[in-house]
Amino acid sequence: MEHLLEILGSVTPVDQWPSQAKKKAGKKRRVAQAREITRAQAAAEDRPAAAAPADEPTPAEMPAAWAVHGQTIGRAVDTDRRRRRQEALGGTKPVAPPTLHEALSRRPMFLLPHRDDSDADTTAREDDA
């Protein structure tokens with residue numbers, strides 16, 4: 001077994017084995033996340049202190065867990081969209097379209113439309129010819 005590993009190591013270096021590449025990729029990803037968090041905290045410390053809404057954390061208090069970080073960003077985007085929507089509507093309330101049941105109950109689905117006189121004339125003329 002050891003001889004096989006030596007042969008494999010001589011052909012392809014251990015650092016280039018697929019199993020090692022996954023470990024390196026994971027480490028690179030973790031290092032990149034840690035650097036991003038450090039940069040965000042440093043940038044937050046450089047900014048002047050501003051009054052932030054009570055329910056939203058300031059950038060200096062950003063959690064390190066990426067799931068929580070993603071939720072915070074999602075809430076911020078939702079809040080901004082809600083604010084924009086309220087400004088655009090200007091106090092008017094949107095009206096929902098009719099439900100499928102209401103749309104189908106207005107006119108029976110299997111009821112044939114009434115024949116017009118113009119359709120009857122064209123049919124009679126075709127029969128005469």
Side-chain angles (χ1 to χ4, degrees):
M1 182 71 158
E2 293 175 16
H3 297 290
L4 287 175
L5 289 176
E6 287 178 17
I7 294 171
L8 285 174
S10 66
V11 174
T12 306
V14 177
D15 293 341
Q16 295 178 359
W17 288 4
S19 61
Q20 299 296 319
K22 290 179 185 176
K23 290 180 185 177
K24 282 188 174 182
K27 184 176 180 180
K28 286 181 182 179
R29 183 179 42 82
R30 289 190 306 269
V31 168
Q33 287 176 350
R35 285 183 182 152
E36 184 179 340
I37 291 171
T38 305
R39 285 185 198 132
Q41 290 173 346
E45 291 172 2
D46 291 342
R47 290 188 198 110
D55 60 343
E56 305 243 351
T58 60
E61 299 171 359
M62 269 307 172
W66 283 99
V68 177
H69 182 67
Q71 291 172 354
T72 303
I73 291 172
R75 281 195 304 268
V77 169
D78 288 344
T79 303
D80 186 52
R81 287 180 180 164
R82 187 177 301 111
R83 180 188 54 79
R84 287 185 189 177
R85 192 179 313 114
Q86 289 171 352
E87 287 176 2
L89 291 176
T92 61
K93 194 169 190 176
V95 178
T99 63
L100 182 61
H101 175 72
E102 291 171 353
L104 290 176
S105 66
R106 288 184 187 149
R107 181 177 172 272
M109 191 158 58
F110 297 108
L111 182 66
L112 296 174
H114 295 288
R115 295 186 94 188
D116 293 341
D117 293 334
S118 61
D119 289 340
D121 292 339
T122 57
T123 309
R125 289 183 195 151
E126 290 174 0
D127 292 338
D128 293 339

Exercise for the section: Among Arg81, Glu87, Arg83, find the one that has a side-chain contact (heavy atoms from CB on, under 4.5 Å) with Arg85. Expected result: Arg81
Practice task
Determine, for Arg75 against Asp78, whether the closest basic-nitrogen to carboxylate-oxygen distance falls under 4.0 angstrom.
Solution key: no
With a 3.5 Å cut-off and sequence neighbours excluded, list the donor-acceptor pairs that the side chains of residues 30-37 form with protein atoms.
{"residue": "Gln33", "atom": "OE1", "partner": "Trp66", "partner atom": "NE1", "Å": "3.1"}

